[in-house]
Amino acid sequence: METEFIPIDYGSFDFDGKNYIEIFGKDTGGRRICVIDDFEPYLWAILKDKLSDKEVKKVLDYVNAISLHEKGRETKVEKSEIHNKKFLGKDVKAIKIYATNYKDLHSIADKLGIPGIEKRRGYDLGLITSYILGKKLYPFVSYKISGEVLSGSPEFGGIDSIIGTDFVIKLGKKEEVKKDGKFSPKVLAYDIETDSLKPENGEILMISLYGKGFRKVISWKGKSSKESYVEFVKDEKELLSRFAEEVKNFSPDFFVGYNSDNFDMPFIKSRAKILKLPLPMGVDLSEPQISRGVSGRAKITGITHIDIFRFIKTAYSQYMQSESLSLNEVSKEFLGESKKDFELKHSSKIKDWNRYFEYNLHDSFLTFSLFEKFWPDLLEFSKIIREPVFEISRNGLSKQIESYILHNLDNFNEIPEKRPNDSEIESRRRSATVEGAFVYEPKPGLYEDLAMFDFTSMHTSIIISHNISKETLTDSNKGSVASPEIKVGGKERVFYFSKKGGFFPEMLREIFEKRKKFKEEYKKDPSPITKARSNAFKVLSASAHGYIGFFGARYYSWEASSTILAFVRKYNIETIKKIEKAGYEVIYGDTDSVAFTMGKSSKKDIKGLLEKLNSELPGVMHMELEDFFKRGIWVTTRSGETGAKKKYAMIDEEGKIKIRGFETVRRDWCDIARKTQDHILKLILRDGNEEEALKFFLQVVERLKSREIKKEEIIIKSQIKKPIEEYKSVTPHVVAAIKMKERKMPFDLFTPIEYYIAESLTRSKLIRDKVKLKDEPGDYDVEYYLKNQIIPSAENIFQVFGINVKEVADGKKQENLKKWF
DNA sequence: GGATACCCTTTACC
DNA sequence: ACGGGTAAAGGGTATCC
């Protein structure tokens, strides 16, 4: 049989002691196909320098004779080849050693500790990554494939009769089809509603499913309701088996949940186990697998299970406006749509089941829509990084860039570096921390007519321009770039990086160039796909420095990371000096930016200055004009002695306000303090009118004193970030969390803790003794909100104008007030 | 018993 | 383990006299 085939998901199985890969995908007719391919696992033995031919022969003879009998498997070295390769940029001779079974690569590597062999590499890549690397059968690339259709065949123990795809094909030949194959995935989203957050304490009440032309809620509750999309079953057990059947019948390419790796799928699995119900959801009738780890991963063979929450979290949360990553907030931001209004209660207290069903279905609809929204991004990431979407949707940024590197090493003839082992990770973590960026101490005040410059992709452009990486680090000061001086154990040191070679900076340059190219392409032809492509390269490019300094990275380097940061400090400080030398007053700078007052200069002058500064930068380094600003305000710290860093507000010429670090943007301050400060900043920046701002502030103080502030505006929100018992200090938010637990409220790590400080009869001075939960009745403590919320939010701003709001709010110094009214 | 330095904790910036 | 150093700030706690 011959057909066109697009790989989507990858799995593996063992037969007769050998590994086989099953690739699930589709042909042009939309038929689901499972392609089975064999796999030749291998590793590298890098030979010691300058071995004689005789010595090499001796090593080869030793290697070829290796055979193992382990875990009921027999494995041996199937064949070996000598190659001229590179390792960390140096020329090496290496033996490519093929083994019978991937799982034995480690054991074979253990046997290679002999004198002629310098290093062992390539045995820790992951089975699927290793397969894709070796056979170059990439996800979402179109292939013309031919092979034998297995139908009732005894091959692989009759596997085709178990696998429920339209065809099972044993791969013969494959050939890439050069075209941008259109592929629209079949998607099914799901969501469960339960009586508890823990499967041992509560049942699943309903499960909703949403796909194109398909919507369904399966439930065993509220049977009197009549909704056409609701299917009633007799109990939870039947609910689960109907759910598994419906998913199988729909046969989605992607089965999508929101936080489903850590909630829905483990919950479903646990309940099925408690009810002793098998859940053969995989195309091979296997059960969903949940891998252990800090964050579990739920996998179903042949159906790619995606937890879209995880992808949004890693790839997008840094660019998001919303204050939490809840389905509601994320949907509002990306879809412009909210969850249905419904107050979640224990099932015994539910009256309107119809609304609950509707709510549940809508959550699946939102999850479905979020997948559609991010599908171009998942697709582009997968095509660029060359890893399956299952991985792409869950991996952190460091893992993504590492995967990109691994799949591109062949272009440099490089042997992959190994993953650090536990002791290596431990020692990296113990090693001195890398000194970070420089922050300029601002001079507090209100300033007019400012300009701000910033470096584009500063860390990345430094790596490329100075050729900094693990493999370019050298002892020689000839033909190399010296780092600025770096403090190591109290002494100043300089590191050298060779000017030539270095696959990492070179690879990064390609990413950097492609980022530019695809950004242009997007501007010319804006579409979700061009946007996603441009964004994928942006994310990869921006993650490079974080990767080098990440202790789990294969290409980690303390020296490289320190050098990059030292250059970051150097260039920022130099820029500040140059701008001052040109006659401008620098107000602020953080890492890669500098803000300064324009004085009497024109915009043209400023752009001229920028051009001059750029002409003096090396390589691909570049600065751009962030914007011109009409006004900007910087304040002192609370102690009042120095200018506060990372805290400022500016207004541009269109009246758009940029607020950084102020309480306004901090989620752990109550709304009334945040809104009051926000408005004060607006009045001051827009019109430069601090009198109006003060009037407004006093109005809020009055409203507060006469208890006119609404309850929701005084709620303080905070998160619990570790198990309650581990807290050494008992803060208000910890007390609130304990209260929630006592009341058996749904509560987990990262659930927002919402409380307020109430008037109380206790004589305690501790704030935690006045904590009440959001729904507890009570009056707010006027003094607390005045002294600890409203006044602090305004104090340092008015101080810039010589106004002491503490005294004003207390009603003291009336005579001074007359000056303002 | 009160002042204060210090520690713990959360969140933001880049 | 999945980015991490720099920074602000509140609130509790230890320590001093």
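Every chain is numbered from 1, with letters handed out A, B, ... down the list of sequences.
Across the protein-nucleic acid pair, A:Ile716 atom CD1 and C:dA9 atom P stand 17 Å apart, rounded to whole Å. Rounded to a whole Å, the NE2 atom of A:His459 is 12 Å from the P atom of C:dG5. Nucleotide C:dA8 holds its C1' atom 13 Å from the CD atom of A:Gln677, rounded to whole Å. Spacing between atom CE of A:Met458 and atom P of C:dG5 amounts to 18 Å, rounded to whole angstrom units. One atom, CG of A:Asp769, and another, P of C:dG10, lie 20 Å apart when rounded to the nearest Å.
The side chain of A:Ser398 has C:dG3 as its nearest neighbour among C:dA1, C:dG12, C:dG3. Set against C:dG5, C:dG11, C:dA8, the side chain of A:Thr637 has C:dA8 as its closest nucleotide.
At distances below 3.5 Å, not a single donor-acceptor pair connects side-chain atoms of A:Arg310 with backbone N or O atoms of A:Asp261. Between the side chain of A:His305 and the main chain of A:Ala298, a donor-acceptor pair closer than 3.5 Å is present. Listed for the A:Asp454 side chain is no donor-acceptor partner under 3.5 Å among the backbone atoms of A:Glu626. A donor-acceptor contact shorter than 3.5 Å links the side chain of A:Thr460 to the backbone of A:Ser541. Judged by distance alone, with hydrogens and angles left aside, the side-chain atoms of A:Gln789 form a donor-acceptor pair with the main-chain N or O of A:Cys670 at under 3.5 Å.
Counting non-hydrogen atoms under 4.0 angstrom, A:Leu766 reaches the backbone sugars and phosphates but no base.
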Footprint string (nucleotides 6-14 of chain B, 5' to 3'): B base within contact, S backbone only, - free, heavy atoms under 4.0 Å
--SSBBSBS
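The CD1 atom of A:Ile132 lies 11.0 Å from the CG atom of A:Leu406; values are rounded to the nearest 0.5 Å.
Electrostatic pairing of A:Glu795 and A:Lys787 does not count as a salt bridge here, judged by no charged N lying under 4.0 Å from a carboxylate O. A salt bridge does not link A:Arg493 to A:Glu485: none of the charged side-chain nitrogens sits closer than 4.0 Å to a carboxylate oxygen. Taking a cutoff of 4.0 Å between a charged side-chain nitrogen and a carboxylate oxygen, A:Lys418 and A:Asp124 do not qualify as a salt bridge. Under the 4.0 Å criterion applied to side-chain N and carboxylate O atoms, A:Lys711 and A:Glu776 are not assigned as salt-bridge partners. For A:Arg394 and A:Asp307, the salt-bridge test fails: no basic side-chain N is under 4.0 Å from an acidic carboxylate O.
For the OP1/OP2 pair of C:dG11 and a distance below 4.0 Å, the side-chain nitrogens and oxygens of A:Asn788 include at least one atom meeting the criterion.
Rounded to 10°, the angle separating the first-five-pair axis and the last-five-pair axis of the helix from B:dG1-C:dC17 to B:dC14-C:dG4 equals 10°.
Of the residues in residues 436-446 of chain A, A:Gly436, A:Ala437, A:Val439 come within less than 4.0 Å of DNA chain C through at least one heavy atom, sorted by number.
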